[in-house]
Every structure is written in structure tokens, then in C-alpha cells.
Enquirer: 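Attaching a single structure in C-alpha cells format; questions to follow.
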Number of protein chains: 2
Amino acid sequence: MQELPVNRIIQGDCVSIMEGLPAGSVDMIFADPPYNLQLRGELKRPNESVVDAVDDDWDRFESMEAYDAFTRAWLTAAQRLLKDSGTLWVIGSYHNIYRIGAVLQDLGFWILNDVVWRKANPMPNFRGRRLTNAHETLIWCAKAEDAKNYTFNYEALKALNDDLQMRSDWLLPICSGGERLKVNGRKAHSTQKPESLLYRVMLTATRDGDIVLDPFFGTGTTGAVAKRLGRRFIGVEREDKFCRLAQARIGRVRTLPPEDRVITPPKRQQTRVPFGMIVERGLIEPGTHLHDYQRRHTARVRADGSLVCADATGSIHKIGAHVQGAPSCNGWTYWHVDVEGRLAPIDIFREQVRSELGGL
Amino acid sequence: MQELPVNRIIQGDCVSIMEGLPAGSVDMIFADPPYNLQLRGELKRPNESVVDAVDDDWDRFESMEAYDAFTRAWLTAAQRLLKDSGTLWVIGSYHNIYRIGAVLQDLGFWILNDVVWRKANPMPNFRGRRLTNAHETLIWCAKAEDAKNYTFNYEALKALNDDLQMRSDWLLPICSGGERLKVNGRKAHSTQKPESLLYRVMLTATRDGDIVLDPFFGTGTTGAVAKRLGRRFIGVEREDKFCRLAQARIGRVRTLPPEDRVITPPKRQQTRVPFGMIVERGLIEPGTHLHDYQRRHTARVRADGSLVCADATGSIHKIGAHVQGAPSCNGWTYWHVDVEGRLAPIDIFREQVRSELGGL
DNA sequence: TGCCTAAATGAATCACGTG
DNA sequence: TCACGTGATTCATTTAGGC
């Protein structure tokens, strides 16, 4: 069997390079392909600054058909490369992930899970025309329907999650700060992924020493995390500048000693429960009247969780402050509901919801 | 124009029934199509009890091609039914959502967001071979790329989320307890959705009195929430037993009084008040001087509502932009009048006029 | 050095009505 | 259909800068 170019970055087109490697030789493939964003004009923040959007050549496609053909080509090559026990991960957004999911099902890949990366700090929607696009989607799949012997480190992920089964929604920050590669003070790559994401992916679906291939290597996050966790990597990247950047980056990474390749579970933070959730779930009906504990002030709850008091409307906190003439107010403890003649602070409903959510 | 069968459940095949309704007549479509689950054999819990999984006739398809054809058929009929300003919501899991997303993009629907419903209490993965499947995906899309005038209640959703922009990941419980319809002690429908999910969907993308169609009505969650929120519904359901179940359920629902359905109104939808009207009504006299909040710039009001600043004249917006050297400016919030030594934004006069006009 | 405030920034399919 | 004017719009973090 041909020797695999392990722990190396290969420059060139990923399809032809994958076709030149021996079939059935790779344990996992992680792919972060172009998203085909199709951005129109420039976007400004409310303060008039311009958003530094993705406008790279590698994200331009003639048409959706061209994108689908590109997707089919690299997924076909990837499928051939995988061991029968191997799995593939692809990450994307709503612009491209439905194309990719459909094509990989057509090719016979078998989806094991889709995973939602919930961004802790996403870019807001500046024009107020849509929801904040706060997540990206990963598809995790086996080579075929009958490939049952894939690696899934159930116990490790459970340990990572406070001894609860790991769910399909992962809350992780975006890549920023010191981790973000810069060239001349500007971001080196427009779509660098956080190492924590790759860390969790590899902890989920690879074993020590496994071979992980990334056909869209970019700045080499896959390689950096693979090296740190004692996995072997093969990076394929078209652009020379990224190859050199990734090479230098990975050179700086140190492999953890085997006994340290387990991390302590992240601290669970208290779930934020907006007042609207209390209304939405019917614990307080729209139209209910709220009172302060002395019944000096009364406000009415609307369908979207805002309050009305005389001619003022706003959040429980804003209206609480308003009626008191105070600069601020904790609406959760200020406002009460009348339960059979007795006043109960609305905070009890928040506690109820929190206990039902169980720390999510 | 043909009369729409509003607030009714129509029994039959959703494609032929939608084809019989007038084109361009519906504000929103919410669809929860069969998931094409492809379960192999029965699933047992660790204690050997059998999981009551989805194995209904309506969820069986001969092949992926048959599912795609079915998807294309109902989405085509749905697109025809929508008003140009209407939006479509589809919910699915990884088994079917990639097929649906690809088909709807092929048909020209324009994705606005995909939304992740994070289940607060999902079913665990009993075999420990995958991640807990803890979410489902909703795709929200407009009828076409150029349909920009869809309803999005940005301010209401912000209110619902404690004055922060609503994100694309929604944490909501599954449908259980008293909300879950039962027949002879067993769940009446295998995939009943929680009312809180529909509540948020309708709060996001419909206005009072809008017409909401659901081609896979099932137990009628869409109809129940529509009735409660003062929206009109059209339910299409193939099975007689579900039609009757939904009919009875919706009969028990009470519509919220109009004053409780009110949500924080979109600013863009408010009556446009030109600055000239402020001058015309004597709220600001011609000759008055306006200042920015730091008193760095001053402009004089003329009789027609235009401003003069040095040698430049124009609207409050143009002159505001001009003095700042900015490309654009909201003059309503930029310019202030001096009221006994304190600066007040001219927007307060607009609000005064608006309240006097009474929403005309 | 340390603390507080201001500025910068991230995979973004980001107006609309009137004439 | 097009041109133009009005006017609506941001969250979590990190980094830089002032004192």
C-alpha cells in the first residue's frame, strides 16, 4: 500500500489530491468547504463602519449547479478515501448545508447526527430584518448505511458534559483574540474556526493516533488540534499563503502527554430566562395584571412579554423603573402576580422554568 | 376571487387541496411534513421496554426519490398559494430537512434564517452510539429572492427576549403533560409540536388577522395557536381521526382579547410624519435653532421645514449628514431643540404628532 | 502598573415608499 | 421600472488608549 503523507500539508486541488491517495486509508475527514455566500452590496453597522465580509475568490461560484457539482466531486473523493469505519464531518450555514446534506445522502453517506454549533458571540443582525444568525450546522456521517463500527467516544463526551449524555447542540465561542491568526494586524483568513470546535469533534469520533484529513485546510485548525491531541493529520489546501501560515502555526503546537488528553468539564452557567419565555409557555397569560408588592402600581402583560402601564410600554425592568421614577429596576423581584388574593413575585416562574430546563 | 375556507379544517391530500385554493392568498404557511424516518426494526430502552417510535403509514416512502418528488409537489403548491409578501416555515430533522432545504432553494424560495429548536427535554440516546438528538431544524423562507416586504416583528421578538435581538437558536420544551393529546391514554399523534413553538413562529412572522395555512395539520397545533393569537387558519389533514381531534381541540381554545394580543409595533410601520408637519403645526417655529447633542453644530429651521447651516440647505437628514461629513444621518435623533437650557431630540415632537394622529 | 473607557470586530445571502 | 429621499439599525469580546 502506498505510504500516506501523514502530518503534512499538500498544496493543490483537494479532489485530484484525494484521488491520488490510497482508498480506505483515513479514519476521519473534517471539511469546512466554501459556503457560497452570494453577498450583494456592502453592509454597514449602525455606526457607519463597514463589515469586513467574506469576499474571497474561493467563495465565488457561477451558479448553484456549479456549487452542487463541486460538492459532489469532493464528497465522492472523500468517500473513497475513508476507511469503512471512518466518518465525515462537514460544517456549513443555511446557504450551503442543505445542498451538502442532500448530496451526501445521495452518495450513500449515512447521517449519524447533525450538530448545531451555537455561537456564544455571533455578529448581530444590523438592519433588524432577520433573526441573529447565531449558529452553524455540522453533519456527522458514516461512509455507508451498514458501517456500524465507527468510533464514538460516548463515555468521554459524557464526562465532558457533567456526566450527562452529550447533546447535539454545542455552545462554543467564535475564534477571536490570541487564537485568531493575523497578518499585518488583519485577520489572516476570513473563516478561521475555533480550536475548541475541532477539539470536541476529534474527542467525539477519533482515537489516539487516528488519521484525520482536512480537504479545505485553510489556517490549519484541524492540524493544530490533531497534533495537540496526538492524532495524525493530512491537510490539503489550494493557496500557498495558507499552507505556509498553517505550517508555522502547527510547528508551534505541542502534543499533550497522553495522560493529559482529557479536559476538565466546562462550568455550567445559569440559563438566562427572558420574561417572554414565561408568557410564551403560558405560565403568565397575556392580559395578566402585575403589581408591585404594595399594589401601588399595576401593569398589563402583552403577547410579546412587554408591559403596558398608562401610556408607557417596555420590558418588566424598564416599566418597573418608570413607575418608580428610578434609573433601573429588577423587574423579576419588583412585579408580582395575584394568586388568590396573595401576591407572588414573578421570579417564581423563572425558577420554575429554570428547573424544567435543567441547566441548558 | 374565490372565498377562502378560513378557520376550517379540510380533509384530503394537501397538494390537490392547495391547488384548488386561489393563488397568492395566504400570509404564512407552517409545514411539519412526514420525516421519512427510515427506522430499522424496533428500538428498545436499556430496560427492554419498546420505544413508541414513529412508524405510521404516512411516514413511509418507497425511496429517497419518492420523498423528493413528494416534497417538490407540496412545496410547489405552497409557493403558489403564498402572497408575494408571505413566508414559509418548514420543520424537520436530519432525516429529511436537507432534502427539503435543497428542493425549496431549487424552487426559488429564499431562505431568511434557519432556526434551531433546542429541546429542553429530548429523548436520550438509549444505545449510546450517537449524540442525544436534542434539536430540530426550522427553515424560514420568503417566496422569492426579491420578496423583501415580508413580515418580521423585530421589536416584538426583541421584547420577548429581554430587549436583546432574538437569535436563531430557540430553547423550548417538547410537547408533554396536559398539552399532549391522548386517546385511550396513548399519545394521539406521534409528532405533536408544542404550542410555544408555534406561538414564537407566529409572533415572528405574522400580524393580527393574518391567514396561516398548515398542509400537515395533524392535531391542529397551528390552528390552536392561530385562534388564540387572533390569526385565521386553514388546516389540511389527510386522516379523518386527526381532523376530528383537531376540531375539538380548537373548539376549546379562547382567543385573547385584542388589547392583549398587541405586540411592540415595528417602527417602520408607523405613520410617516414629515418634519415639515412639525413646523406647520407650530410645534417648532420657523427660525428656531437646532443643535446636535454636544452643541457642536447648529442649524436654523425655515418655514418649509428645511434647515440652513452656513451655506447648506436641505432636510434634517441631509444637513445632519452634511455637518458630520457622514454619508447619511437620521435627523430625528441627531437634532435637538433647547428647552430652558436642556436639549431635547426633535423626535419627541414626532411622537406627539403621531399620538394626536391616532395611528392614521 | 492598574483601572476605566472607547474603539474595533466577527462566514451576513440585512429598506422601502413615493413620484 | 427606475431614481431618489427618508430614516432604521448591534451583541459579546477583545484590544487600545487615556489617566
Side-chain angles (χ1 to χ4, degrees), chain A residues 32-56 58-59 61 64 91-97 117 119-137 173-180 182 185-187 189-194 216 218 272, chain B residues 85 105 109-114 141-142 144-150 152 154-155 158 161-168 266-276 305-306 314-321 326-335 346-347 350:
Chain A
D32 182 11
Y35 285 11
N36 190 23
L37 282 186
Q38 309 169 46
L39 303 177
R40 305 295 185 222
E42 72 174 11
L43 177 65
K44 288 180 174 178
R45 299 188 177 81
N47 65 5
E48 297 286 336
S49 66
V50 176
V51 173
D52 182 15
V54 176
D55 60 350
D56 307 79
W58 50 254
D59 198 41
F61 291 85
M64 201 61 106
I91 184 168
S93 66
Y94 66 82
H95 311 85
N96 68 330
I97 199 67
W117 169 28
K119 300 183 185 184
N121 45 352
M123 187 168 10
N125 184 295
F126 294 117
R127 307 300 293 268
R129 297 298 297 145
R130 302 180 177 196
L131 301 164
T132 303
N133 197 359
H135 74 275
E136 293 189 23
T137 302
I174 62 175
C175 180
S176 67
E179 188 186 327
R180 186 93 196 197
K182 302 270 172 70
R186 299 188 52 183
K187 58 184 175 189
H189 193 285
S190 37
T191 69
Q192 186 182 341
K193 295 290 175 291
F216 307 99
R272 195 177 66 83
Chain B
S85 62
Q105 285 182 313
F109 282 104
W110 195 247
I111 299 181
L112 300 170
N113 280 111
D114 55 358
C141 53
E145 178 177 355
D146 57 356
K148 304 257 184 210
N149 57 334
Y150 56 89
F152 174 51
Y154 174 76
E155 291 80 4
K158 203 171 167 176
N161 192 37
D162 277 359
D163 290 333
L164 288 178
Q165 279 192 348
M166 185 63 81
R167 297 168 43 115
S168 55
K267 287 194 180 156
R268 288 167 225 266
Q269 209 178 293
Q270 292 179 12
T271 316
R272 199 180 74 84
V273 175
F275 181 66
S306 62
S315 69
I316 52 172
H317 314 293
K318 269 212 174 125
I319 299 301
S328 68
C329 167
N330 183 344
W332 291 107
T333 52
Y334 182 75
W335 294 110
I346 59 176
D347 206 22
R350 182 168 64 160

Enquirer: Can you name the salt bridge (Lys or Arg N to Asp or Glu O under 4.0 Å) partners of Arg350(B), sequence neighbours left out?
Expert: Asp347(B)
Enquirer: How close or far is atom C1' of dA11(C) from atom CG of Leu39(A), stated in whole angstroms?
Expert: 8 Å
Enquirer: Using a heavy-atom cut-off of 4.0 Å across all strands, would you classify Glu136(A) as base, sugar-phosphate, or nothing?
Expert: base
Enquirer: Considering every strand and a 4.0 Å limit on heavy-atom distances, what is the contact class for Pro33(A): base, sugar-phosphate, or nothing?
Expert: base
Enquirer: Whole-Å distance between dA12(C) P and Glu145(B) CD?
Expert: 18 Å
Enquirer: Quick check: on DNA chain C, is the nucleotide nearest Arg130(A) upstream (toward 5') of the one nearest Lys187(A), or the reverse? Name the residue that is more 5'.
Expert: Lys187(A)
Enquirer: Quick one: does any side-chain atom of Arg180(A) pair with a main-chain N or O of His189(A) as donor and acceptor, under 3.5 Å?
Expert: yes
Enquirer: Classify the side chain of Lys119(A) and the base of dA11(C) as holding, or not holding, a donor-acceptor pair under 3.5 Å.
Expert: no
Enquirer: Work out how far the P atom of dA8(D) is from that of dT9(C), and round it to whole angstrom.
Expert: 28 Å
Enquirer: Between atom NZ in Lys148(B) and atom P in dC16(C), what is the gap in whole Å?
Expert: 8 Å
Enquirer: Round to the nearest Å and state the distance from His95(A) atom NE2 to dA12(C) atom P.
Expert: 9 Å
Enquirer: Just to be sure I understand the rule, does Trp58(A) reach a base, reach only the sugar-phosphate, or reach nothing, if contact means heavy atoms closer than 4.0 Å?
Expert: base
Enquirer: State which residue, out of Lys44(A), Lys187(A), Arg45(A), fulfils the salt bridge (Lys or Arg N to Asp or Glu O under 4.0 Å) condition with Asp52(A).
Expert: Lys187(A)
Enquirer: Using the rule given for side chain to side chain contact (heavy atoms under 4.5 Å, CB included), can you reason through Lys148(B) versus Trp110(B), listing the C-alpha separation, both sets of side-chain angles and the distance that settles it, and then say yes or no?
Expert: CA-CA 10 Å; Lys148(B) 304 257 184 210; Trp110(B) 195 247; 5.7 Å; no
Enquirer: Can a donor-acceptor pair be found, under 3.5 Å and without considering hydrogens, that links the side chain of Gln165(B) to the backbone of Asn125(A)?
Expert: yes
Enquirer: Roughly, in whole Å, what's the span from CG in Asp146(B) to C1' in dC2(D)?
Expert: 15 Å
Enquirer: How long is the line joining CZ of Phe152(B) and P of dC16(C), in whole Å?
Expert: 12 Å
Enquirer: Would a distance-only check, ignoring hydrogens and angles, find a side-chain to backbone donor-acceptor pair under 3.5 Å from Ser168(B) to Ala134(A)?
Expert: yes
Enquirer: Using a heavy-atom cut-off of under 4.0 Å over every strand shown, decide if Thr191(A) touches base, sugar-phosphate, or nothing.
Expert: base
Enquirer: Roughly, in whole Å, what's the span from CD1 in Ile91(A) to C1' in dA11(C)?
Expert: 9 Å
Enquirer: Rounding to the closest angstrom, what is the interatomic distance between dC14(C) and dG10(C) at atom C1'?
Expert: 15 Å
Enquirer: Expressed in whole Å, how much space separates the C1' atoms belonging to dC11(D) and dA15(C)?
Expert: 22 Å
Enquirer: What string of B, S and - do you get for nucleotides 5-12 of chain D, 5' to 3', when a contact is any protein heavy atom under 4.0 Å?
Expert: SSBBBBBS
Enquirer: Any chance you could measure Arg130(A), atom CZ, to Tyr150(B), atom OH, to the nearest 0.5 Å?
Expert: 5.0 Å
Enquirer: Fill in the dot-bracket string of DNA chain D, one character per base: . for unpaired, | for a pair to another strand, ( ) or [ ] for pairs within the strand, taking Watson-Crick or G-U pairs under 3.5 Å.
Expert: .|||||....|||||||||
Enquirer: Measuring only the C1' atom in each nucleotide, how far is dT1(C) from dA16(D)? A whole number of Å is fine.
Expert: 16 Å
Enquirer: For residues Arg272(A) and Asn161(B), is any side-chain donor paired with an opposing acceptor at under 3.5 Å?
Expert: yes
Enquirer: Would you say Asp56(A)'s side chain and Trp58(A)'s backbone share a donor-acceptor pair under 3.5 angstrom?
Expert: no
Enquirer: Please determine, by modelled atom types, if Ser315(B) and His317(B) share a side-chain donor-acceptor pair under 3.5 angstrom.
Expert: no
Enquirer: Send over the distance from Asp55(A) CG to dA11(C) P, rounded to a whole Å.
Expert: 14 Å
